[in-house]
Amino acid sequence: MSKKIRVRFAPSPTGGLHLGGVRTVLYNYLFARHNDGDFILRIEDTDQTRFVEGAEQYIFDCLQWCGIIPDESPLHAGEFGPYRQSERKPLYRQYAEQLVNDGFAYYAFDTSEEIEEKRKAIANFQYNHSLRVHMKNSLTLTITDTNQLLASGIPHVIRLKIPANEEIVFTDMIRGEVRFNSSQTDDKVLLKADGMPTYHLAVVVDDYLMKITHAFRGEEWLPSAPAHILIWKYLFGLENMPQWAHLPLILKPDGNGKLSKRDGDRLGFPVFAMNWTDPKNSELTKGFKELGFLPEAFVNMLAMLGWNDGTVQEIFSMNELIEKFSIERVHKGGAKFDYEKAKWFNHEWIKKAGPESLRKPVKDLLYRHGINANDDVYLEKIIRLVKDRCTLLPDFIQQSSYFFSTPEQYDLSAVKPKWNDQKQLLFIETIRQFELMQYWNAAELEKEFKEITAVNEIKPGEVLLPLRIMLVGGKFGPGVFEIAEVLGKQETIHRIKHFLGLLQQP
RNA sequence: GGCCCGUUCGUCUAAGGGUUAGGACACCACCCUUUCACGGUGGUGAUACGAGUUCGAAUCUCGUACGGGCUACCA
């Protein structure tokens with residue numbers, strides 16, 4: 001009987017939720033659900049200098065939009081709370097002190113100025129096994145002096161005493177065996193002067209206390225893994241340590257390097273899941289949601305950036321992803337983000353979606369553009385007709401606005417130069433015949449119109465485009481008779497008359 | 001600089017010693033469509049380089065190159 005699988009996503013609430021962050025959550029979530037495990041959201045807010053108003057709520061909102069609901073979180077506490085590290089502050093000191101007592105850590109009293117000085121003086125400065133003997137800490141001070149300093153309340157940190165020249169090996173679920181030499185890692189600060197733990201201590205203590213079985217995080221954490229492994233070994237035993245997987249990074253599309261918000265601004269695509277407004281300067285950064293992505297498409301696209309199920313299938317629903325996901329099939333190498341492909345995913349999902357599920361977002365969108373689409377049946381007919389030609393949600397504005405009012409703009413140049421009395425008469429006749437029609441549908445309309453052109457000895461091709469311009473205003477949109485069907489008899493005839501009037505003007 | 005991780009079409013990727021190295025996005029051409037898209041068919045295009053192991057290497061080993069990450073009392 002194996003332990004229940006428990007994974008966590010542990011973001012630091014410092015701003016917008018980045019693509020890479022969402023993908024990390026996603027992989028954690030998929031793994032948890034695939035294995036009937038728990039998915040925990042833990043807020044890592046130990047750096048009080050980086051507190052950002054609203055950032056935590058923003059993370060909840062993004063996860064909800066993506067359809068990722070944590071089993072345990074600050075909003076939905078389980079039995080391992082609290083779920084914010086700032087609220088767990090009193091927990092950490094005892095573990096740091098235990099390490100000191102066991103000889104695996106020590107108090108350090110160096111001020112940041114003193115460290116800066118050394119950093120400048122020594123090439124490749126690193127607070128490690130060889131340098132700590134020259135610094136001001138409980139290893140170099142006598143016990144009496146140390147206790148005196150401690151009692152005086154002087155600011156101090158607790159540092160991990162990383163041994164020299166010890167091989168640290170662990171198996172990463174994606175990368176296989178990874179080896180480090182302990183001499184390369186510095187004596188990480190575990191407890192800061194303000195009493196808060198650093199990430200290094202907190203992640204180990206909380207993963208232990210929350211019974212985390214698998215820890216997936218970005219590749220940027222790989223270099224500090226040996227420190228975490230050592231803490232695990234000293235505190236809770238390697239046998240209790242979660243299995244690690246370090247996820248590949250998402251890279252910028254051009255050039256090289258990790259994708260950042262700046263790249264999005266520079267290249268014109270979003271990198272945040274949802275709109276994020278920086279409370280400091282009120283600067284707004286657009287998100288995938290607001291730019292018109294469906295959450296299903298966003299999740300699907302992210303899942304495929306570094307993972308596949310081994311088949312040629314690319315379109316997956318969340319449930320399919322849960323069913324198929326395996327951490328071993330995640331790539332080792334980073335993936336460059338391709339906005340064109342992201343849009344393709346969205347287009348696929350819009351085509352796939354039923355008109356009824358698209359109704360709400362499209363209705364809201366139109367409303368924001370001054371169009372009241374209150375008739376649900378009418379709206380769904382329109383959506384069914386135009387969705388194939390919409391890549392992003394806002395495309396619905398151009399594709400459907402002419403269904404709600406006569407076109408504001410007419411592409412007259414497509415009609416006027418070739419206009420003549422014969423065509424004028426044909427459309428007058430069309431109005432007459434359309435008015436007599438009993439069954440108002442696309443097939444009947446097409447039949448009727450073709451008959452009129454035959455009688456008037458005009459090729460349909462000569463007048464089909466003008467008819468389109470009359471109804472739509474431009475050279476776009478679905479089949480012209482399908483549009484007329486949805487528009488209805490009265491409105492169709494009205495638009496033809498209206499346009500004929502326009503042509504009479506000089 | 002040091003340490004670690006990585007490297008298949010422009011991009012995302014398949015291929016776990018034997019394939020004409022497959023698919024998708026993008027691009028190009030044609031077809032469909034008397035609009036614009038969708039769709040269909042086809043095309044251009046890749047195993048970074050060098051050794052080795054092997055009858056046989058994209059695949060295993062080593063080296064080189066290139067790229068990335070880390071090198072904070074940030075996560």
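Note that the structure is predicted; figures quoted are calculated from it, not measured. Order of the sequence lines fixes the chain letters, A, B, ..., with proteins taken first and strands second; residue numbering starts at 1 for each chain.
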>> As a quick check of understanding, evaluate salt bridge (Lys or Arg N to Asp or Glu O under 4.0 Å) for Lys261(A) and Asp263(A), giving each step before the final call.
In response: CA-CA 5 Å; Lys261(A) 184 183 102 55; Asp263(A) 300 312; over 6 Å; no

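- Distance from the side chain of His347(A) is smallest for C38(B) among the nucleotides C38(B), U35(B), C4(B).
- C38(B): glycosidic angle within 90° of 0, hence syn.
- Across all strands shown, U7(B) is found opposite A65(B) as a Watson-Crick or G-U wobble partner, with both distances under 3.5 Å.
- The NE2-C1' distance, from His228(A) to C4(B), rounds to 14 Å in whole Å.
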Enumerate all atom pairs, one protein N or O and one N or O from nucleotides 71-75 of chain B, separated by less than 3.5 Å.
unit_1 : atom_1 : unit_2    : atom_2 : d
A72(B) : OP2    : Arg119(A) : NH1    : 3.1
C73(B) : OP2    : Arg159(A) : NH2    : 3.3
C73(B) : O2     : Ala193(A) : N      : 2.8
C73(B) : N4     : Asp110(A) : O      : 3.3
C74(B) : OP2    : Lys192(A) : NZ     : 3.0
C74(B) : O2'    : Asp47(A)  : OD2    : 3.3
C74(B) : O2'    : Arg50(A)  : NE     : 3.3
C74(B) : O2'    : Arg50(A)  : NH2    : 3.0
A75(B) : OP1    : Thr46(A)  : OG1    : 2.8
A75(B) : OP1    : Lys192(A) : NZ     : 2.8
A75(B) : OP2    : Tyr199(A) : N      : 3.3
A75(B) : O3'    : Glu44(A)  : OE1    : 3.2

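- Each of Lys351(A) and Arg23(A) was matched to the nucleotide of RNA chain B holding its nearest heavy atom; the match closer to the 5' end belongs to Arg23(A).
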>> I'd like to know whether Tyr27(A) forms a ring pair (Phe, Tyr, Trp, His ring centres under 6.0 Å) with Trp307(A), so could you lay out the CA-CA distance, the side-chain angles of the two residues, the decisive distance to 0.1 Å, and finally the verdict.
In response: CA-CA 9 Å; Tyr27(A) 286 2; Trp307(A) 174 86; 7.4 Å; no

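- Distances shown here put a side-chain N or O of Arg329(A) below 4.0 Å from the OP1 or OP2 atom of A15(B).
- As judged by a 4.0 angstrom heavy-atom cut-off over every strand, Asn308(A) is placed among residues touching the sugar-phosphate backbone only.
- Residue pairs meeting the side-chain hydrogen bond (donor to acceptor under 3.5 Å, both in side chains) criterion with at least one member in residues 450-459 of chain A, sequence neighbours excluded: Glu446(A)-Lys450(A).
- The local environment of CD in Gln409(A) is sparse, with at most 12 non-hydrogen atoms from other residues, nucleotides or ligands closer than 6.0 Å.
- Across all strands shown, A58(B) has no partner, as no Watson-Crick or G-U wobble contact with both distances under 3.5 Å is found.
- Here Lys118(A) does not pair with Asp110(A) in a salt bridge; the nearest charged N to carboxylate O distance is not below 4.0 Å.
- Look at C30(B): its Watson-Crick or wobble partner, with both distances under 3.5 angstrom, is G40(B).
- Checked against C5(B), G69(B), G10(B), the side chain of Leu249(A) finds its nearest nucleotide in G69(B).
- Within a 6.0 Å radius of NZ in Lys447(A), no more than 12 heavy atoms belonging to other residues, nucleotides or ligands are found.
- With 3.5 Å as the limit, one finds no donor-acceptor pair spanning the side chains of Asn28(A) and Arg8(A).
- Near RNA chain B, meaning a heavy atom under 4.0 Å from it, residues 466-475 of chain A has Arg468(A), Lys475(A) in order of number.
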> So Phe288(A) and Phe298(A), ring pair (Phe, Tyr, Trp, His ring centres under 6.0 Å) or not? Walk me through it.
Replying inline: CA-CA 8 Å; Phe288(A) 279 87; Phe298(A) 182 61; 4.8 Å; yes

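- U19(B) is unpaired under the criterion used here, namely a Watson-Crick or G-U wobble arrangement in which both key atom distances are under 3.5 Å.
- Interface remark: the Lys341(A) side chain does form a donor-acceptor pair with the A24(B) base, using a distance-only criterion of under 3.5 Å.
- Within the nucleic acid shown, Gly477(A) comes within 4.0 Å of at least one base atom, counting heavy atoms only.
- For the pair Arg389(A) and Phe476(A), the NZ or CZ position fails the cation-pi test of under 6.0 Å to the six-membered ring centre and within 45 degrees of the ring normal.
- Each of Leu464(A) and Gly306(A) lies near RNA chain B, and the nucleotide nearest Gly306(A) is the one positioned closer to the 5' end.
- Applying the Watson-Crick and G-U wobble criteria (two distances, each under 3.5 Å), A14(B) pairs with nothing in any strand.
- The partner of G2(B) is C70(B), by the rule that a Watson-Crick or G-U pair needs both atom distances under 3.5 Å.
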